[in-house]
Amino acid sequence: NNQIVSVSGAAATGLTASFSNIKPWAAYQLIYQVDKASMELYLSQSIFWPGGTRPTLSNTSGSRDILTFTTDADSNMYAVAQFNFSASVG
């Protein structure tokens with residue numbers, strides 16, 4: 001099983017992402033796209049964020065955030081987030 005991230009839940013209340021088969025010294029990305037306003041993403045693992053605080057993800061319908069996760073030798077997860085990607089023409 002090579003599954004890394006599974007997402008479950010009802011879009012009306014939010015989605016829960018959980019990680020499996022995490023490898024040491026690896027990097028993973030999760031693209032979070034909001035399908036409707038005020039949808040939330042919950043992460044089931046303990047994750048180290050800059051400053052020790054989980055960022056507030058975008059909650060506008062159609063927005064996309066990219067979360068990048070890196071692991072250490074003990075498979076602890078460290079993450080950063082980039083927010084509100086959208087297409088641009090030209």
Next item on the list: Mark yes or no for whether D72, through its side chain, and D74, through its backbone, hold a donor-acceptor pair below 3.5 Å.
Entry: yes
Notebook entry, point to check: Would a hydrophobic clustering, with Ile, Leu, Val, Met, Phe, Trp and Tyr connected at side-chain separations under 4.5 Å, put I22 with I47?
Noted result: yes
Checklist line | Y32 side, atom OH; F83 side, atom CZ - distance, nearest 0.5 Å | finding: 11.5 Å
Notebook entry, point to check: CG of D65 to OG of S58: how many Å apart, nearest 0.5 Å?
Noted result: 3.5 Å
Next item on the list: Please round to the nearest 0.5 Å and tell me the distance separating atom CD of Q29 and atom CD1 of I66.
Entry: 6.0 Å
Checklist line | Gap separating the CG atom of N21 from the OG atom of S75, nearest 0.5 angstrom | finding: 10.5 Å
Next item on the list: Taking the side chain as every heavy atom from C-beta outward, state whether W49 and P55 have any atom pair closer than 4.5 Å.
Entry: yes
Check: If we only count heavy atoms from C-beta on, is the V80 to L67 side-chain gap below 4.5 Å?
Finding: no
Check: Is the closest side-chain heavy-atom distance between R64 and N84 below 4.5 Å?
Finding: no
Check: Less than 6.0 Å separating the ring centroids of Y28 and F19?
Finding: no
Notebook entry, point to check: Would a line drawn from the ring center of Y78 to the ring center of F48 be shorter than 6.0 Å?
Noted result: yes
Check: Distance from I31 atom CD1 to Q82 atom CD, nearest 0.5 Å?
Finding: 10.5 Å
Check: If you look at every heavy atom in T71 and K23, which pair is closest and at what distance?
Finding: OG1-O, 2.6 Å
Notebook entry, point to check: What distance do S18 atom OG and L43 atom CG have between them, rounded to the nearest 0.5 Å?
Noted result: 9.5 Å
Check: Are the side chains of W25 and T70 in touch, meaning some heavy atoms are under 4.5 Å apart?
Finding: no
